[in-house]
Amino acid sequence: MPFGLALQSADIISTVEFNHSGELLATGDKGGRVVIFQQEQENKTQTHSRGEYNVYSTFQSHEPEFDYLKSLEIEEKINKIRWLPQKNAAQFLLSTNDKTIKLWKISERDKRPEGYNLKEEDGRYRDPTTVTTLRVPVFRPMDLMVEASPRRIFANAHTYHINSISINSDYETYLSADDLRINLWHLEITDRSFNIVDIKPANMEELTEVITAAEFHPNSCNTFVYSSSKGTIRLCDMRASALCDRHSKLFEEPEDPSNRSFFSEIISSISDVKFSHSGRYMMTRDYLSVKIWDLNMENRPVETYQVHEYLRSKLCSLYENDCIFDKFECCWNGSDSVVMTGSYNNFFRMFDRNTKRDITLEASRENNKPRTVLKPRKVCASGKRKKDEISVDSLDFNKKILHTAWHPKENIIAVATTNNLYIFQDKVN
Amino acid sequence: MEVLFKLTSQMETDDREGNRMWEEDSSPKHLLDTMFARGIKRKCFDGEEDIEGTLAGFKSVPSYNLQRQSLLDMSLVKLQLCHMLVEPNLCRSVLIANTVRQIQEEMTQDGTWQVINAQNTGQASLDRLVSSDILCRSTKEQGEGKLVPSYSSFSKDFEDIQSQDIISDLSTVASVQAPRNPQSNVWEMENPQENRGNFQKSLDQIFETLENKNPNSVEDLFSDVDNSYYDLDTVLTGMMSNTKMGHCDVLESFSSQTTTNSNSNCKSDINELDHIVEILVES
């Protein structure tokens, strides 16, 4: 059973991502800021818990901009953050808003040179005539300083809003996807990108489908998938042709005619797609469910998990208040045995693929004392509410958990409510 | 009677723990939700019933067509209410537009897609929009006796119409339903093809707005609308529409369905663009 603690209130959190080792956790917010947390090294005396996460670095990644040609603002909200695997002492991540992707270098400085010949320690220049001897400057320890500097800015390649970025397994290229197009970039080259998917129709009036998410395969550097607002996933092979408008595989589950309504298409729209770490499966999130697909089987998912089926009878209300358009994300645990996604009322759900058990937990300060075990929650769809159950009508639809992340190696999860970040971890005994 | 969807409220039972996790929600908290879940289509009531009787009947057994109409109204309002400070979310707009198309196709098949006399505009359109708001409120509020003026116009319409379903119209102004004049009760039956053309034109204009951000075409969209609509718009969503648009994107070309009005606006914007380029070049 997980327990955990809540970390700071900031602007509305818009993305959460662990790095490849799990030591760092990055969050992006609506104000264009990135906050990185670092896990403390394990304390020898405190063996019952893993290290806590503390703020490591904060920087302003994107600023609001104005598109003068269209007279529209470009939001600085960070849509996605993706870490590069660590190659040297510094860390690198990509962060993106609607239009521009930036490569950030985060480096530590814990030493500084002292003993310059021509400069005083405070930086003032010495009068050269007063220099009588020469000395070699040496590095002396200083308080740790974490610096973030933008190394690349990938701009002006997207007419529509960027929803996804994904780094290729070659660690040299990455893709960025907007509503209608997907571009391939080289991390070193900022002045051009290669368009690999374009679903924009010749006449915009014919537009009925948009791209909602895209991701590179974790192992095959030529393979990527993208999902659509019609509930389809297309797998493309970049070796087949330069422009991957023709998919290699199309994943789509036939519609259940008994559930057909005017909202069928909207709730089938896929809000997130994530490959398993193994690369054998992929997971998609639509409004009411999470589906696991075997890459070898296109006609239906191998597993389906209902996240909040009790909302199916409320779809018209959710359409009216726009909640039906909320884009929930989903994530795998390190061993691909458990998947997690968010819901309303600050609930989030986990599904164990092996035992087929699921659990609903709540990320809130009022209902969970710090360092206590989280109590499982239950939503009651009917009038007869059991004790401790919450009825559907008393759910708070403003409290939504859209972004969750799972540590790549340990049972540590990060859950973002509107303004707060919660980090939970398994009790280790 | 056409049953469009089956009951969907049957939840899966979880017998892992030996307990039922979900039970069927039998009390309709939301009329539209219930209707769309159950999909029961009912005929309108006979005209001679008194208003209260009609309302009581209306509350418990809303016409499927009425519900569908409300969904259509709601969808069109949503398409209009774009954040004009920031570019609107294209995915959301496409999904709503697809919903509108779906409703329109079904209405065309039903034969309920008819064009009303286009001169009947104004106040009744406001009622229609308000009434869809009413329909979306919970039954609890309705039970408390919150009656809105639009209810009386609806019941009156029910009186006027014997067995016809409520008829909607999409004029060239996509945002406004031009409804019946309750007094005159004049219906014009037109070729569904034309209606489809009108509707398509309206959808085109919406996409044009999203794509184009042409100031004048947006004003055209709203030009036929009663001003009170704008206030309702604000009230419903708490947003202020910003009608200040950018320039026409000269690189985008549009189909022949665009009106000549918007074409001339494009041209004036092209000239403006040249003007700006001239200034830049000179400096």
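Proteins come first, then strands; the chains are lettered A, B, ... in the order of their sequence lines, and each starts at number 1.
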Side chain, backbone, both or neither of [X] within contact of chain B (heavy atoms, under 4.5 Å):
X	answer
A:Thr212	side chain
A:Ile211	neither
A:Asp322	both

Roughly how far, to the nearest 0.5 Å, is [atom2] of [Y] from [atom1] of [X]?
X	Y	atom1	atom2	value
B:Gln102	A:Ser264	CD	OG	7.0 Å
A:Ile266	B:Cys91	CD1	SG	9.5 Å
A:Glu320	B:Leu71	CD	CG	10.5 Å
A:Leu180	B:Leu90	CG	CG	5.5 Å
A:Ser269	B:Arg92	OG	CZ	13.0 Å
B:Leu95	A:Tyr319	CG	OH	8.5 Å

Based on non-hydrogen pairs under 4.5 Å, which of A:Asp179, A:Thr208, A:Val210 is most in contact with chain B?
A:Thr208
Taking all atoms of both residues into account, what is the closest heavy-atom pair of B:Asn98 and A:Lys230, and its distance?
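It is ND2-CE, 4.3 Å.
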Give the minimum heavy-atom separation between B:Met74 and A:Cys316, together with the two atoms involved.
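Looking at all heavy atoms of both residues, the shortest contact is CE-SG, 4.0 Å.
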Between A:Phe325 and B:Asn89, is any pair of side-chain heavy atoms under 4.5 Å apart?
no
Would you say A:Asp198 has more than 12 foreign heavy atoms packed within less than 6.0 Å of its CG?
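Atom CG in A:Asp198 is crowded, with more than 12 foreign heavy atoms closer than 6.0 Å.
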